[in-house]
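The block underneath contains the structure these notes are about, expressed in structure tokens.
Each residue takes its place number in the sequence, starting with 1. Order of appearance sets the numbers: ligands from 1, and atoms from 1 within every ligand.
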Amino acid sequence: MSTYTVAQVMSAGGPLEIAEREVPEPGPGHVRIAVEACGICHSDSLFVDGAVPGIRFPVVAGHEIAGRIEQLGTRAEEYGWQVGDRVTVGWFGGSCLHCTPCRQGDFIVCVNLKVPGWTYDGGFAQQVIAPVDALARIPDALAASDAGPLACAGVTVFNGLRRSSARPGDRVAVLGIGGLGHLGVQFAAAMGMETVAIARGPGKADLAKQLGAHHYVDSTAATDVAEALRALGGVKVLVATAGSSEAVSATVDGLTHRGELVVIGVAPEPLDISPAQLITGGRVVRGHPSGTAQDVQETMEFSALNGVRPMTEIVPLEQADEAYRKMLSGAARFRMVLSTG
Ligand SMILES: [Zn+2]
Ligand SMILES: [Zn+2]
């Protein structure tokens, strides 16, 4: 019997414990992936904490999976995949194909969306079984440790920007320069947008410039962030990655007419926005989910072409619990990535 290593959680909020399991066989339309790297996302805490419906322990979280296909289930070949292919699986872990959004071709809002770590065991492990519709092909130029974070954090900001009303030459802002925002700034600049980075403190100004931002707004120094944005001429689109509803709400008056606030960062408190702030300028507030496997593939191809890379701290799978706690504490500067290598 061959076994593989996982970092599993036995009960809600418990530690990520290293365990050995028997290597499973991929079923029809599934593949087994030898995981090389898996990013740790804040959303993993939903599963570790058992905070989503239908979650069953032990939980193996991890939905920024990058590795190589090592075994095909029956029919997987029909979809064009082969043993040895380099692939990611992100938040989009497959869709049901029969709900109304799926029948409309809008797979990312599938009501039965499969998410690794929730619907099936995720990537904090040496191996993962995933359905073929969850797979995105990794370009040769990308390392596995870069590809993993692009499959959730990356595609979320990439799609958030390209599906917005902003076009090259437009001024856009990215609120927060953390795990999502540091990628958002790079994407916005690479898309040819005049890019404003907004973060807390003067210390992030240099980083913002390195990432390609044309302007930096220190939200702790500006008495009014919206006013600072208006002083630049206002922004057509603001992508809010910050986990603070107060910080997000404070930006709305910095949007131009017909401006768009794209909400990506999850925060528990309600947004504080008055109807008048939206009505007069015809502004829009919109939530934005992640992206499908095809979106992930396009995110990776764009990143490979344009030099966009996540900033990562790579630690061995065996240290999953320390790495996860570091992400939760906010002490990790960007993306924590577990490596099996
Ligand atoms: Zn995620
Ligand atoms: Zn569906």
Side-chain angles (χ1 to χ4, degrees), residues 7 16 29 35 37-49 51-55 59-66 88-125 128 130-134 136 145-160 176 178-184 187 239-243 262-267 287-296 299-300 303 310-312 320 323-324 326-328 330 332 334-338:
L16 281 66
V35 179
C38 186
I40 304 178
C41 177
H42 203 276
S43 305
D44 285 315
S45 63
L46 295 172
F47 314 140
V48 171
D49 294 343
V52 289
I55 189 106
V59 159
V60 179
H63 58 265
E64 292 190 346
I65 306 162
T88 62
V89 180
W91 176 264
F92 179 88
S95 59
C96 77
L97 303 177
H98 60 75
C99 72
T100 301
C102 279
R103 285 164 60 91
Q104 291 170 334
D106 197 357
F107 305 110
I108 190 61
V109 285
C110 169
V111 297
N112 305 302
L113 186 71
K114 299 167 194 168
V115 181
W118 181 0
T119 324
Y120 53 85
D121 287 337
F124 298 168
V128 159
V132 289
D133 66 323
S145 56
D146 289 336
L150 291 173
C152 176
V155 71
T156 301
V157 282
F158 182 72
N159 261 5
L180 289 160
H182 86 287
L183 288 164
F187 283 130
V239 176
T241 72
V262 180
V263 181
I264 282 176
V266 179
H288 171 74
S290 178
T292 64
Q294 180 62 28
D295 290 319
V296 171
T299 302
M300 291 192 290
S303 302
M311 297 172 81
T312 56
Y324 173 74
K326 188 168 177 182
M327 180 281 300
L328 275 189
F334 299 103
R335 231 42 191 176
M336 300 296 297
V337 177
L338 299 178

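Residue contacts to the Zn ion (ligand 1): His42 brings no N, O or S atom closer than 2.8 Å. Within the 2.8 Å limit, Cys99 places at least one N, O or S atom next to the Zn ion (ligand 2).
Atom OG of residue Ser290 and atom CG of residue Asn159 lie 7.5 Å apart, to the nearest 0.5 angstrom.
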Does the side chain to side chain contact (heavy atoms under 4.5 Å, CB included) test come out yes or no for Phe47 and Val115, once each step is laid out?
-> CA-CA 10 Å; Phe47 314 140; Val115 181; 3.8 Å; yes

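Under the side-chain contact (heavy atoms from CB on, under 4.5 Å) rule, Val337 has a single partner from Thr312, Ile40, Asp146, which is Thr312.
No donor-acceptor pair closer than 3.5 Å links the side chain of Glu64 to the backbone N or O of Cys41.
Here the Zn ion (ligand 2) is the vertex; the SG atom in Cys96 and the SG atom in Cys102 give an angle of 120° (to 10°).
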